[in-house]
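Every heavy atom of this structure was used, including side-chain atoms; hydrogens, water molecules and symmetry mates were not. Proteins get letters first, then strands, A, B, ... in listed order; numbering begins at 1 in each. On a predicted model such as this, the values are computed, not experimentally measured, just so you know.
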Amino acid sequence: MYIKKECVAMLLAGGQGSRLYALTQKVAKPAVPYGGKYRLIDFPLSNCTNSGIDTVGVLTQYQPLVLNDYIGNGQPWDLDKLHGGVHVLPPYQTSAGASWYEGTANAIYQNMSFIERYDPEYVIVLGGDHIYKMDYSKMLDFHKKNEADCTLAVFDVPYEEASRMGIMTCDDQYRVLKFTEKPKQPDSTLASMGIYVFTWSKLRKYLIENENANTGSKDFGKDIIPAMLRDQQRLFAYPFEGYWKDVGTLDSLWEANMDLLSPSVPLDLYDKKWKIYSRNNNMPPQYIGGSAEVENSMISEGSDINGKVDFSVIFSGVTIEEGATVNYSIIMPGTVVKAGAVVEYAIVGEDCVVNSGAKIGMSPEAVENRDEWGIAVIGHNVDVSEGAKVLPKQIISENV
Amino acid sequence: MSVKKSILGLIFASMHDEAVIDLTKKRTMGSIPFAGRYRLIDFPLSNMVNSGIKEVGVITKSNYGSLLDHLGSGREWDLSSKHGGLHLLPPFSHVDSGIYRGRLEALNGVWDFVEHSSAEYVLMSDCDVVTTIDYRKVVDYHVSSEADITVVCGKYAYDSSKNQSATVFGVDEEGRINDVMINPQISGECCIGLGMFVVSKAFLKDIVVACASRGQYSFAKDILQARKDDFKIMAYEHDGYFSKIDTINAYYEANMELLNTENRNNLFIKSSPVYTKIRDNGPVKFGLESEIKNSLIADGCVIEGKVENCVLCRGVKIGRDSVVKDCVLMQDTVIGDKCRINSIIADKNVEIGDEKVLTGSETYPLYIGKKAKI
């Protein structure tokens with residue numbers, strides 16, 4: 001027996017995140033580590049729990065092993081429920097055949113029967129690759145107040161960035177008049193955050209129509225939203241204020257981590273009223289040794305720090321030996337940085353070994369031609385041999 | 001050869017509360033914060049779970065609010081289970097038992113629970129010793145030596161002049177206990193009991209029933225001491241790292257000892273993790289002018305000042321230009337800006353304002369009570 005839910009969340013977690021290269025070679029993007037102890041999916045899952053949404057479908061497809069393990073029964077996010085809770089939803093075979101999720105809309109279409117078991121009034125569609133704290137219940141209230149068919153969360157972006165985003169043109173009541181993907185000459189700076197609240201009966205109709213029309217894309221931004229606008233449905237933009245960061249690229253992932261070290265960035269991970277939950281790994285407290293020099297950094301459980309750490313985010317179980325230097329870098333769980341190694345402006349993946357004398361990345365000042373500068377990236381489980389050099393912008397996924 | 005045996009774990013969360021009276025004013029021995037992110041009960045409880053024990057009873061006496069809050073359903077120790085799992089046994093479980101005076105009376109009070117278990121052996125542990133131990137080996141030793149009672153012992157530099165308390169054992173070549181001294185007035189290396197015992201359930205029932213009828217309640221006095229010649233009481237020597245918390249100084253030193261990497265590696269062994277309640281804090285944040293040396297720091301701390309030789313529990317905040325040395329600061333202690341703090345133990349939620357100077361002695365740390373505002 002299923003108990004009716006007012007709102008069910010559908011979290012799109014099947015994307016490859018190909019622009020994160022080595023970091024998503026073996027894990028889905030929502031499982032990429034962030035912020036010392038989190039994975040990207042912790043943010044939408046925690047937001048759901050904190051917003052009172054207790055029924056979440058997580059749609060997986062690309063490299064789901066780590067992600068499935070991580071979500072487990074949903075207990076860390078308080079999503080192990082008698083009624084509802086978190087459900088991992090991979091594509092499955094039916095009597096009509098089997099297919100992969102072909103687009104964001106198709107993924108939801110293939111799981112309509114999951115949604116209908118809860119007979120919801122509303123469905124909220126979320127992505128798994130943004131860092132933000134948002135009360136979805138307020139967005140839902142906004143949707144109800146406007147008697148909307150669809151509400152899209154929007155973020156006011158700088159004008160020069162608008163031409164890379166999906167841009168919403170609204171009237172003064174925030175009713176959406178026009179939606180343009182990557183406009184050359186944007187007439188608004190309200191960008192879609194990929195967070196949609198739909199009245200379920202409406203979404204259901206458009207999903208079926210879109211499926212039958214077979215446009216080839218089967219995507220919310222390309223098909224569903226434009227179709228609803230054509231039919232003059234009530235679409236509203238819900239303006240979001242606060243910290244919001246897309247971590248779709250290596251640079252933006254690095255920046256989003258560095259943001260945590262900046263006192264002026266409004267993302268508070270210590271707020272007891274809006275905790276970001278994550279799966280715990282039962283490690284002892286971190287130890288900062290007698291020869292360590294630690295400044296302006298974030299460090300997690302089980303780490304053993306004896307070297308120099310400045311402007312960096314260090315995940316759990318990381319060892320930084322005496323005489324090693326880590327500056328402006330992100331070191332993911334279980335990695336060892338040995339004596340004499342230097343890691344600067346870099347992302348080092350999980351369970352790597354950076355041997356002594358290795359040099360990863362460089363500061364922008366040390367590079368002659370600024371165009372050649374960028375973040376150096378080491379994938380997961382990589383050994384960087386003694387004295388090896390990894391240059392700025394280089395991405396390494398095999399032992400060097 | 002090790003045969004898989006069914007073992008019931010029993011933890012005495014309130015034994016020795018009086019040894020560290022400052023810390024147990026509002027909690028049990030078992031719920032004293034330790035080593036940054038743990039409570040003392042996490043160690044025996046995790047040892048049991050890591051030794052394959054799937055059914056654990058926790059015997060409490062009074063002040064057990066914080067203990068109940070910490071343990072919850074036992075999920076964090078993987079003890080939230082349909083079969084066995086974690087059972088909290090407050091003293092009201094028996095109308096005629098009342099508040100118990102000793103281990104045997106406590107056992108008599110919870111006997112229905114013990115009886116109900118299908119386990120063949122009972123492993124009992126107190127919470128005043130911090131160690132990592134494989135109880136399977138102790139039970140194997142108990143069986144192979146055909147003991148009536150097996151006492152886990154350790155070599156220890158005991159010094160009665162420091163107000164330490166201990167049960168000191170004399171052990172013959174075969175490992176049989178031939179002398180039992182309770183809090184003797186001696187100093188030097190001794191074989192002391194670690195407050196962990198193995199007995200078969202049938203044997204335990206016999207002694208609990210027999211002692212109850214005679215009004216005897218002390219396991220150490222009425223059984224170990226009085227019956228050492230009648231029963232075969234064997235000593236299992238635990239050679240791993242341990243610390244014994246029997247005074248507030250010992251509590252301070254046990255924390256400080258974990259700043260030594262070797263001790264830490266001997267207590268926190270990868271294959272037997274220590275489980276505890278999860279708080280979902282952020283990672284530790286170090287400010288622009290922070291300077292940290294030789295310290296153990298739990299999640300959720302925010303440090304702007306200087307910290308040296310300290311153990312910081314979860315959620316501690318240290319302000320700018322403050323210097324904190326040789327301290328144990330429990331959860332959510334907040335130290336303001338420009339303070340000089342040396343050798344203190346701050347209980348939970350202590351608030352120390354700006355520009356304060358507080359100094360204890362390394363041999364006698366200053367204790368500041370829960371929620372004090374300075």
Side-chain angles (χ1 to χ4, degrees), chain A residues 34-38 42 46 49-50 73 75-78 80 257 260-263 267-272 274-306 309-318 334, chain B residues 34-38 42 46 49-50 75-78 80 255 258-261 264-265 267-270 272-304 307-317 332:
Chain A
Y34 167 80
K37 66 176 289 196
Y38 307 98
D42 288 331
S46 301
T49 292
N50 291 333
N73 68 350
Q75 184 273 321
W77 305 271
D78 215 1
D80 54 333
N257 277 283
L260 291 172
L261 306 177
S262 160
L267 179 68
D268 181 6
L269 296 175
Y270 304 87
D271 179 5
K272 287 182 181 166
W274 201 276
K275 281 188 174 179
I276 302 301
Y277 302 98
S278 64
R279 188 170 284 282
N280 192 277
N281 48 16
N282 290 299
M283 285 195 172
Q286 59 179 287
Y287 174 72
I288 311 287
S291 58
E293 279 175 59
V294 177
E295 260 184 86
N296 205 47
S297 291
M298 207 170 236
I299 303 182
S300 227
E301 289 107 334
S303 285
D304 196 332
I305 312 292
N306 279 292
V309 178
D310 200 1
F311 276 96
S312 293
V313 175
I314 312 291
F315 284 72
S316 60
V318 168
Chain B
F34 184 74
R37 69 191 300 251
Y38 303 101
D42 292 337
S46 301
V49 170
N50 291 329
R75 187 178 55 208
E76 269 119 353
W77 298 265
D78 218 359
S80 172
N255 274 290
L258 292 177
L259 298 179
N260 175 305
T261 300
R264 217 169 43 249
N265 290 343
L267 183 62
F268 298 112
I269 298 166
K270 267 213 175 118
S272 36
V274 186
Y275 304 98
T276 190
K277 185 181 173 182
I278 306 304
R279 245 181 69 158
D280 295 295
N281 284 315
V284 179
K285 197 167 177 178
F286 298 98
L288 264 176
E289 272 149 50
S290 65
E291 213 182 305
I292 325 295
K293 299 268 181 240
N294 194 38
S295 294
L296 200 58
I297 303 170
D299 43 310
C301 292
V302 179
I303 298 169
E304 303 279 353
V307 175
E308 201 174 332
N309 306 332
C310 287
V311 175
L312 308 186
C313 292
R314 291 162 163 182
V316 168
K317 292 193 169 60
D332 302 310

* Asked: Can we say D78(A) and K275(A) salt-bridge, meaning some charged N sits less than 4.0 Å from an Asp/Glu carboxylate O?
  -> no

* Going by an N to O cut-off under 4.0 Å, is there a salt bridge joining R37(B) and D299(B)? -> yes

* Distance from N309(B) atom CG to K293(B) atom NZ, nearest 0.5 Å? -> 11.0 Å

Residue pair [X] / [Y], side-chain heavy-atom distance below 4.5 Å:
X	Y	result
I276(A)	D280(B)	no
V311(B)	L258(B)	no
I292(B)	S290(B)	yes
L269(A)	M298(A)	yes
N257(A)	Y34(A)	yes
V309(A)	F286(B)	no

Out of [options], which one racks up the most heavy-atom pairs below 4.5 Å with chain A?
options	answer
R279(B), K285(B), K270(B)	K285(B)
G315(B), G287(B), G300(B), C313(B)	G287(B)
S46(B), S295(B), G36(B)	S295(B)
I303(B), I278(B), L312(B)	I278(B)

Region of [X] that comes under 4.5 Å of a non-hydrogen atom in chain A:
X	result
V302(B)	side chain
F268(B)	side chain
V274(B)	backbone

* Under 6.0 Å from the CG atom of D78(B), do we count more than 12 heavy atoms belonging to anything else shown? -> no

Considering only heavy atoms, which portion of [X] lies under 4.5 Å from any heavy atom of chain B: side chain, backbone, both, or neither?
X	value
N281(A)	neither
E295(A)	both
K37(A)	both
L260(A)	backbone
Y270(A)	side chain
F315(A)	neither

Find the one option among [options] whose heavy-atom pairs under 4.5 Å with chain B are most numerous.
options	value
G289(A), S300(A), G302(A)	G289(A)
I305(A), D268(A), I288(A)	I288(A)
G290(A), S46(A), G36(A)	G290(A)

